[in-house]
Amino acid sequence: MERIEAELFTDGGHDAVVRLPGRRFPGILVQGDSLHILRSDAAEVVEACERGDLDEARGSAGLLRANLDALLARYEAALGEYEIPRPY
């Protein structure tokens, strides 16, 4: 394990916006339990598609997109607060 200093742009919650040394743009640090939830949400979409249940797939995909939208909004808000251009 290596210890480093990183720049923290948001509170240190479960989806902190941080910039690691040597990186031009910050990223999102997603905690393991939150990552597992996102993966489970994606798995629900795949499983519903495999069953041909498009209504359930659409609902699950909507929840997954909402969670990803929230992460993206937090990221973009942090960039805006510090006047960092978006990398996309």
Side-chain angles (χ1 to χ4, degrees):
M1 175 174 62
E2 178 183 357
R3 292 194 178 267
I4 60 169
E5 286 190 30
E7 295 173 278
L8 182 62
F9 294 89
T10 60
D11 61 48
H14 68 279
D15 53 2
V17 178
V18 298
R19 181 166 44 199
L20 297 176
R23 300 299 302 194
R24 182 172 175 202
F25 295 101
I28 295 252
L29 172 64
V30 178
Q31 294 296 317
D33 58 335
S34 298
L35 179 60
H36 184 265
I37 290 167
L38 288 172
R39 193 263 177 222
S40 295
D41 290 347
E44 286 180 19
V45 174
V46 170
E47 291 163 7
C49 287
E50 288 172 345
R51 289 192 310 274
D53 189 343
L54 296 183
D55 287 335
E56 183 178 334
R58 188 176 297 110
S60 295
L63 292 174
L64 176 58
R65 182 175 63 184
N67 288 333
L68 291 171
D69 284 347
L71 285 174
L72 186 59
R74 182 166 167 84
Y75 178 74
E76 290 177 347
L79 292 181
E81 183 177 342
Y82 291 92
E83 299 180 356
I84 298 171
R86 295 178 187 175
Y88 45 86

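All values below come from the heavy atoms of this structure, side chains included, with hydrogens, waters and symmetry mates left out.
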Taking a hydrophobic cluster as the set of Ile, Leu, Val, Met, Phe, Trp and Tyr residues connected by side-chain heavy atoms closer than 4.5 Å, whether directly or through intermediates, do Leu64 and Ile28 fall within one such cluster?
yes
Between Ala6 and Leu20 the two heavy atoms that sit nearest each other are CB-CD2, 4.1 Å
Could you note down all residue pairs passing side-chain hydrogen bond (donor to acceptor under 3.5 Å, both in side chains) where residues 5-23 supplies at least one of them, sequence neighbours left out?
Glu7-Arg19, Thr10-Arg74, Asp11-Arg74, Asp15-Arg74
What residues, two or more places apart in sequence or in another chain, satisfy side-chain contact (heavy atoms from CB on, under 4.5 Å) together with Arg24?
none
Are Tyr82 and Leu72 linked, directly or through other ILVMFWY residues, by side chains that come within less than 4.5 angstrom of each other?
yes
Got a list of side-chain donor-acceptor pairs under 3.5 Å for residues 31-42, not counting sequence neighbours?
residue: Ser40; atom: OG; partner: His36; partner atom: O; Å: 3.0
residue: Asp41; atom: OD2; partner: Asn67; partner atom: ND2; Å: 3.0

Quick one: does any side-chain atom of Tyr75 pair with a main-chain N or O of Arg86 as donor and acceptor, under 3.5 Å?
no
Residue set satisfying side-chain contact (heavy atoms from CB on, under 4.5 Å) with Glu56, at least two apart, ordered chain then number -> Ala48, Arg51, Asp53, Ser60
Can you see which heavy atom on Pro85 is nearest to which on Leu79, and at what distance?
O-CD1, 4.1 Å
List the residues meeting salt bridge (charged side-chain N to carboxylate O under 4.0 Å, His left out) with Asp55, not counting sequence neighbours, and say none if there are none.
Arg58
Could you pull out all residues at least two apart from Val18 that satisfy side-chain contact (heavy atoms from CB on, under 4.5 Å)?
Leu8, Ala16, Leu29
Cluster overlap Leu68 with Val17, hydrophobic side-chain contacts below 4.5 Å
yes
